[in-house]
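Heads up, the thing below is written out as structure tokens.
We're numbering straight along the sequence, starting at 1.
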Amino acid sequence: MKNHEEEIRQLKAEQENSMKELMESQLTTDDKDTEKKASQIHHGVILPAHIVERIEAGQPVVPEQFKCVTVFFTEIYGFKNLVATIDPVKMIHVLDKMYKQFDQIISKFSQIFKVESVSHTYMLASGLSASGSESEVSECAHQALTCANALKDWVAKTDFSSIVGNVDIKLCIGIHSGPASGALIATKVGRYCLFGETVQLASRMCATAESNKIQVSPMTIQVLGLDDNFEFAERGDIDIQTQGKSKMCTYWLLSDEDDM
């Protein structure tokens, strides 16, 4: 028990150092007001950019309606079976290593915001700060698919054996696009939350996905428009069980490694 407590304390210290390094890496020597800059970076990690701008400007933050956002969830495939066989502290180390890299990857995409990470589930949204024009909606879907591929490929190529031995760690990912509502919940430690059927369907896309695969709804393919940078293979109908719908024909996002 004492060894576990020491490992957790060490993990917390590493996380604090990682956050400090992330913030310092984005501060330049030309910044005259580093405290304000650091505050903006910190809030940008937990709030969408347009919400940070409103807070900094002293403007009220009210609930919003988005015409179309692309939401995607990632999960460790077969997580329930894994936690039954892997020491809990080792699984924490896996998630910590994974999510640190995820945060680095998504920072490269201007329209992608990490909504939350709960246990083995990581939720992202693309398009919260976009104007809602057809071209921007398409670009946001493009960023979401590109980012999802990057996350999947990193996990597939990463060696976790030093932590969990020969246990295979793989992701499953689900993506859906559509209207959503968003709001800042609470103020002291505020969280920006998304609501609506789009979130439910994206979650369902993930829950029914297979190991090392990205399941995409036809709506996401539709909002891509003329963007032909991606290839898809029809999966067929799956059970979705949401309001007014029971089945949906979905697709796999293909990558260079796929042979389907």
Side-chain angles (χ1 to χ4, degrees), residues 12 14-74 96 99-119 121-133 135-144 146-148 151 175-200 202-203 223:
K12 289 176 68 177
E14 291 175 357
Q15 290 173 333
E16 290 173 359
N17 289 333
S18 295
M19 176 60 74
K20 182 179 179 181
E21 290 173 4
L22 177 62
M23 293 173 68
E24 288 178 348
S25 70
Q26 297 185 54
L27 295 172
T28 68
T29 55
D30 294 330
D31 291 323
K32 296 181 179 179
D33 188 352
T34 56
E35 287 188 5
K36 181 178 179 181
K37 182 69 175 178
S39 174
Q40 290 174 334
I41 293 171
H42 173 70
H43 282 97
V45 173
I46 60 176
L47 298 174
H50 70 289
I51 298 297
V52 176
E53 291 174 0
R54 291 176 190 173
I55 292 174
E56 295 289 346
Q59 299 174 352
V61 179
V62 298
E64 303 173 281
Q65 299 289 327
F66 300 101
K67 182 179 179 181
C68 185
V69 294
T70 296
V71 178
F72 61 109
F73 286 81
T74 79
D96 182 60
Y99 289 169
K100 281 178 181 176
Q101 185 61 33
F102 281 13
D103 289 346
Q104 291 293 329
I105 291 172
I106 68 172
S107 69
K108 301 174 184 178
F109 297 90
S110 61
Q111 288 292 345
I112 294 182
F113 169 67
K114 181 176 76 173
V115 181
E116 64 181 358
S117 55
V118 179
S119 183
T121 301
Y122 197 89
M123 175 185 176
L124 303 106
S126 183
L128 300 182
S129 299
S131 66
S133 67
S135 60
E136 284 205 2
V137 167
S138 175
E139 170 60 21
C140 291
H142 178 105
Q143 288 193 24
T146 304
C147 180
L151 299 180
I175 304 179
H176 177 67
S177 302
S181 301
L184 178 62
I185 306 299
T187 54
K188 188 173 182 179
V189 185
R191 287 180 53 220
Y192 194 83
C193 299
L194 287 180
F195 306 91
E197 189 179 54
T198 294
V199 176
Q200 297 173 13
S203 177
V223 300

*Can you see which heavy atom on Gly182 is nearest to which on Leu194, and at what distance?*
CA-CD2, 4.0 Å

*Which value, rounded to the nearest 0.5 Å, describes the distance between Glu53 atom CD and Leu47 atom CG?*
12.0 Å

*Reported NE2-to-OH distance for the pair His50 and Tyr192, which is rounded to 0.5 angstrom*: 4.5 Å

_Please give me the minimum heavy-atom distance between Gln111 and Cys140, naming the atom from each residue._
CG-SG, 3.7 Å

*asked:* Let me confirm one number: the NZ-CD distance from Lys67 to Gln65, rounded to the nearest 0.5 Å.
replied: 13.5 Å

_Ala141 to Val223 - nearest heavy-atom pair and separation_ = CB-CG2, 3.7 Å

_Those residues that, when tested against Ser110, pass side chain to side chain contact (heavy atoms under 4.5 Å, CB included) (two or more places apart)_ = Gln143

*Give me the one residue out of Phe72, Phe73, Phe102 that meets ring-ring contact (aromatic ring centres under 6.0 Å, His included) with Tyr122.*
Phe102

*asked:* For a quick test of reading the model, state the closest non-hydrogen atom pair linking Ser177 to Thr70 and the distance between them.
replied: OG-OG1, 2.7 Å

*About how many Å separate CD of Glu116 and CG of Leu124, when rounded to the nearest 0.5 Å?*
10.0 Å

*Give me the one residue out of Ser107, Ser126, Ser129 that meets side chain to side chain contact (heavy atoms under 4.5 Å, CB included) with Ile112.*
Ser126

*Which value, rounded to the nearest 0.5 Å, describes the distance between Tyr99 atom OH and Gln104 atom CD?*
16.0 Å

*Quick one: closest heavy-atom pair of Cys147 and Ile106, and the distance?*
SG-CG2, 3.6 Å

*In Å, rounded to the nearest 0.5 Å, how long is the span from OG1 of Thr146 to CD1 of Ile105?*
12.0 Å

